[in-house]
J.: 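Handing you this structure, nothing more for now.
Counting starts at 1 for both ligands and their atoms, in listed order. Keep in mind that what you see is a predicted model, and the values were worked out from it rather than measured.
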Amino acid sequence: MDRQTISRIAHTDHPIAAPITDEAVARLIGRAARPEAGRALDLGCGEAGWLLRTLAAKPRWQAVGVDLDPTALNRARQTAQAMGLERRIGLHHLDAAAFTAKEPFDLVLSIGATHAFGGLAPTLAAAGEHLAPGGRLLVGDAFWEREPAQEALDALGAAREDFTDLAGTLDLVRAEGWTPVHGHVSSRQEWDDYELSWTGSLSEWALDHPEHPDSAAALAAADAHRAEWLHGYRGTLGFVTLLLRRTSAH
Ligand SMILES: C[S@@+](CC[C@H](N)C(=O)[O-])C[C@H]1O[C@@H](n2cnc3c(N)ncnc32)[C@H](O)[C@@H]1O
């Protein structure tokens, strides 16, 4: 079973691919998309959960999403159609680093996709390139809640240097020329809900399709993920979503 299919099934009941509740997403969008009309870009949009919520809340906004995963983009198109939003969103199957646009955007999002640019600092630089003067950036990234044990690094396939702690993350953001104007630090409850939904949806699919050739593989993938979370990174990996404005126009 390929990784994209596993991810699609695992996100059935939690379409935002990050440990964050719908209420927190709505609050962040409310602060991020403040003008009545505007254009939003999501670099690494996945199933476009953030953009579709923005469009639903803001009838005069338009959106563009970019992702490398065709399965997630197809799901985004289906959801956009079901919500009657397909004419207000453009979805591009593209490396986010290669995306170009003629017009800048009022809001640029990149949530849980900083690996697409090689880390938080290059993500801020790349996203900033697409931002109109006075625009806002909404960036979500992991950080270390505590010093990672080897089990956590192994489970994540990560190196200690891949992230810093929350204070270091905010220091980096400030040093790169951005000022946080709002944000959300995911709680333990949000992490637990996300991981239980991820592994639960995948397990349920396997149990509902016992004759499917991928059924055993899906169950094994859910078990492996649950073990990596519980024996590895639970309580160690944090997630923060920051709403940012340029500190200076220059
Ligand atoms: C953890 S998911 C987050 C998806 C979405 N932002 C959300 O919060 O629901 C990370 C996404 O980044 C995408 N991605 C990874 N590398 C990418 C790249 N180089 N260009 C575009 N998308 C990329 C993946 O396909 C995946 O959909």
Side-chain angles (χ1 to χ4, degrees), residues 2-29 32-33 40-56 63-80 83 89-101 105 107-120 122-127 129-130 137-143 155-158 162-163 183-186 190-191 193-195 197-199 201-202 225 228-229 233 237-243:
D2 66 81
R3 199 185 54 77
Q4 292 172 345
T5 306
I6 288 176
S7 175
R8 178 180 58 75
I9 297 171
H11 287 106
T12 306
D13 300 301
H14 196 302
I16 298 282
I20 185 162
T21 59
D22 286 341
E23 293 72 28
V25 169
R27 264 199 312 279
L28 285 165
I29 287 172
L41 167 68
D42 192 339
L43 299 167
C45 65
E47 298 183 10
W50 290 85
L51 291 180
L52 293 172
R53 282 164 173 74
T54 303
L55 296 181
V64 173
V66 181
D67 204 284
L68 271 181
D69 179 352
T71 311
L73 290 172
N74 276 339
R75 179 62 75 91
R77 282 189 195 97
Q78 286 165 8
T79 312
M83 295 171 77
I89 189 166
L91 293 162
H92 302 279
H93 181 214
L94 208 63
D95 186 338
F99 174 76
T100 56
F105 293 83
L107 170 63
V108 180
L109 306 95
S110 189
I111 316 288
T114 54
H115 50 286
F117 299 96
L120 180 55
T123 300
L124 296 174
E129 290 286 311
H130 295 291
L137 225 57
L138 191 62
V139 176
D141 199 14
F143 67 91
L156 295 163
D162 287 350
F163 307 110
H184 177 83
V185 180
S186 295
E190 285 175 301
W191 268 109
D193 288 350
Y194 179 55
E195 301 291 5
S197 181
W198 199 107
T199 52
S201 296
L202 193 55
H225 188 104
E228 286 165 354
W229 163 49
Y233 59 85
L237 193 67
F239 194 82
V240 62
T241 308
L242 293 169
L243 182 61

J.: Checking a contact table here: which protein heavy atom is nearest atom 10 (C) of ligand 1, and how many Å away?
T.: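 In this structure, atom 10 (C) of ligand 1 has G112 O, 3.4 Å as its nearest protein heavy atom.
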J.: Salt bridge (charged side-chain N to carboxylate O under 4.0 Å, His left out) between D22 and R53: does it pass, once the steps are laid out?
T.: CA-CA 9 Å; D22 286 341; R53 282 164 173 74; 3.0 Å; yes
J.: Quick one: does any side-chain atom of S201 pair with a main-chain N or O of T12 as donor and acceptor, under 3.5 Å?
T.: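 Answer holds: no.
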J.: Show the nearest heavy-atom pair for residues E228 and A155, with the distance to one decimal.
T.: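 That would be O-CB, 3.4 Å.
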J.: Heavy atoms only, cut-off 4.0 Å: how does S110 contact ligand 1, side chain, backbone, both, or neither?
T.: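 No part of S110 is near ligand 1 at this cut-off.
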J.: Quickly, which of L124, V139, L137, T123 forms a side-chain contact (heavy atoms from CB on, under 4.5 Å) with V108? Name it, please.
T.: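 Answer after filtering L124, V139, L137, T123: L137.
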J.: Specify the protein heavy atom at minimum distance from atom 16 (N) of ligand 1: its residue, its atom name, and the distance to 0.1 Å.
T.: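 Its nearest protein heavy-atom neighbour is A116 CB, 3.6 Å.
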J.: If you measure from each non-hydrogen atom of L94 to ligand 1, which part falls under 4.0 Å: side chain, backbone, both or neither?
T.: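 L94 to ligand 1: backbone contact only, side chain stays beyond 4.0 Å.
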J.: Is it the case that over 12 heavy atoms from other parts of the model lie below 6.0 angstrom from the CD atom of E129?
T.: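 Count not over threshold, so no.
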J.: Closest non-hydrogen protein atom to atom 22 (N) of ligand 1, residue and atom name please, with distance?
T.: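 Protein heavy atom with the smallest distance to atom 22 (N) of ligand 1: L68 N, 3.4 Å.
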J.: I'd like to know if the side chain of S197 and the backbone of Y194 have a donor-acceptor N/O pair within less than 3.5 Å.
T.: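 No; judged by distance alone, with no hydrogens or angles, the pair does not exist.
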J.: So if I count the atoms of ligand 1 from 1 in the order they appear, which ones are less than 4.0 Å from some heavy atom of I16?
T.: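 By the 4.0 Å cutoff, the relevant atoms are 9 (O).
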J.: Students often mix this up, so state it plainly: with edges at 30° and 60°, are the rings of F99 and H130 parallel, tilted or perpendicular?
T.: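 F99 vs H130 ring planes: tilted.
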J.: Check whether any side-chain N or O of W191 sits under 3.5 Å from a backbone N or O of L237 as a donor-acceptor pair, and report yes or no.
T.: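 Yes.
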J.: Looking at atom 11 (C) of ligand 1, what's its closest protein heavy atom, distance included?
T.: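 Ranking protein heavy atoms by distance from atom 11 (C) of ligand 1, first comes D67 OD2, 3.7 Å.
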J.: When you compare ligand 1 with D42, is there at least one nitrogen or oxygen pair between them that comes in under 3.5 angstrom?
T.: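 Between D42 and ligand 1, no N or O pair is found under 3.5 Å apart.
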J.: Please list, in number order, the atoms of ligand 1 under 4.0 Å from a heavy atom of C45.
T.: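 Counting atoms of ligand 1 from 1, those under 4.0 Å from C45 are 5 (C).
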J.: Judging by distance only, is a nitrogen or oxygen of I111 under 3.5 angstrom from one on ligand 1?
T.: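 I111 vs ligand 1: N/O contact under 3.5 Å present.
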J.: Who's closest to atom 5 (C) of ligand 1 heavy-atom-wise, of A17, P19, G44?
T.: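 Ranked by closest heavy atom to atom 5 (C) of ligand 1, first place is G44.
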J.: Is the backbone of R3 close enough, under 3.5 Å, to the side chain of S7 for a donor and an acceptor to pair up by distance?
T.: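 No.
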J.: Which of these, L43, L41, L51, sits in a side-chain contact (heavy atoms from CB on, under 4.5 Å) with L109?
T.: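 That would be L51; it is the only one of L43, L41, L51 passing the side-chain contact (heavy atoms from CB on, under 4.5 Å) with L109.
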J.: Can you tell me the protein heavy atom closest to atom 19 (N) of ligand 1 and the distance?
T.: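 So the nearest neighbour among protein heavy atoms is D95 OD1, 3.0 Å.
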J.: Is there a heavy atom in H115 that sits closer than 4.0 Å to ligand 1?
T.: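 Heavy atoms of H115 do come under 4.0 Å of ligand 1.
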J.: Please work out whether any backbone atom (N, CA, C, O) or any side-chain heavy atom from C-beta onward of A72 is under 4.0 Å from ligand 1, and answer side chain, backbone, both or neither.
T.: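 A72 to ligand 1: no contact under 4.0 Å from either part.
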J.: Kindly confirm or rule out an N or O of A96 lying under 3.5 angstrom from an N or O of ligand 1.
T.: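 Yes, at least one N or O pair falls under 3.5 Å.
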J.: Which atoms of ligand 1 sit under 4.0 Å from any heavy atom of A113?
T.: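 Atoms satisfying the 4.0 Å criterion: 12 (O).
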J.: Any side-chain to backbone donor/acceptor pair from D67 onto C45? Under 3.5 Å, distance only.
T.: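 Indeed, once roles are kept as given, a pair shorter than 3.5 Å links the two residues.
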J.: Out of all atoms in ligand 1, which are within 4.0 Å of some heavy atom of W50? Include the element for each.
T.: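 Those atoms are 7 (C), 8 (O).
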